[in-house]
Structures are given as C-alpha cells and as structure tokens.
Amino acid sequence: MRTRFLKFGLPIAVFALAIFGAFASQKTESKNLALEVGWVDAPSPCHVQVTCSNDLGQVCTMFYQGQNRQVYGKVNPTDPTCSKILYRAPINN
C-alpha cells in the first residue's frame, strides 16, 4: 500500500504543489483606479476643477491665485460643498 501511494500519489502531489507555486509567485497587476474630479475651494466652494485620484498617496494640490491650495472632491455629485480628500494622480511613464 505504501509503495503504491509513493508511486502514484507523490507525483500528483508534487505536480499540484508546482502549479500552486507558479500561481502564488505571479506578480499582481497594478490597480487601475479611476481619476476623480476635484475642486479648489477658492474664492467660492467647489470653484476650480482639477483631476486627482482616490488612491492613497500625496494630497492633491494646485497652485491657484499665487498659493498652493488643497483640492477636495464631492462625496455625492449633487453636494454643494467639497469635503472628500483627494490624492495626486499617478504619473504613468
């Protein structure tokens, strides 16, 4: 019984382990997050449109009227104010 397992079962187990190892070592694809529209809250709420991202990283800013200002997004498209923190859009080479 033991030799039968070694003769047939061990090659199947090794083959299954090789397949598992091949998939486990694959590099995952980078996330393709959608860009979001953000607004600068100057001089009035949600005034100047800017393209940002929702992927964590550096906070999205824009140089506007001589100052570097933070860009905010809307939680709901119909919101009158912008309160959602947005981040810099990734630069693809």
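The figures that follow rest on heavy atoms only: side chains count, while hydrogens, waters and symmetry mates do not. Values in this document were obtained by computation on a predicted structure and should not be read as measured data.
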Worked verdict on V48 versus M62 for side-chain contact (heavy atoms from CB on, under 4.5 Å): CA-CA 10 Å; V48 179; M62 178 186 179; 4.0 Å; yes

Full working for side-chain contact (heavy atoms from CB on, under 4.5 Å) between K84 and E36: CA-CA 11 Å; K84 183 178 179 182; E36 285 194 34; 3.1 Å; yes

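Taking the side chain as every heavy atom from C-beta outward, V50 and V40 approach each other to under 4.5 Å.
Each of F20 and F15 belongs to its own hydrophobic cluster when Ile, Leu, Val, Met, Phe, Trp and Tyr are linked at side-chain heavy-atom distances under 4.5 angstrom.
The salt bridge (charged side-chain N to carboxylate O under 4.0 Å, His left out) pairs that include a residue from residues 59-79 number zero, where partners must be two or more places apart or lie in different chains.
The minimum heavy-atom distance linking T51 with C60 is given by the pair O-SG, 4.3 Å. Among all heavy-atom pairs drawn from R88 and V59, the shortest one is CG-O, 3.8 Å. In terms of heavy-atom proximity, Y87 sits nearest to C52 at O-CB, 3.3 Å. The shortest non-hydrogen separation linking P80 to C46 is O-SG, 3.9 Å.
Rounded to the nearest 0.5 Å, atoms CD1 (I85) and OH (Y72) are 6.5 Å apart. Between the OG1 atom in T81 and the CH2 atom in W39 there is a gap of 11.0 Å [rounded to 0.5 Å].
When the side-chain contact (heavy atoms from CB on, under 4.5 Å) test is applied to I12, no partner is found at least two apart in sequence or on another chain.
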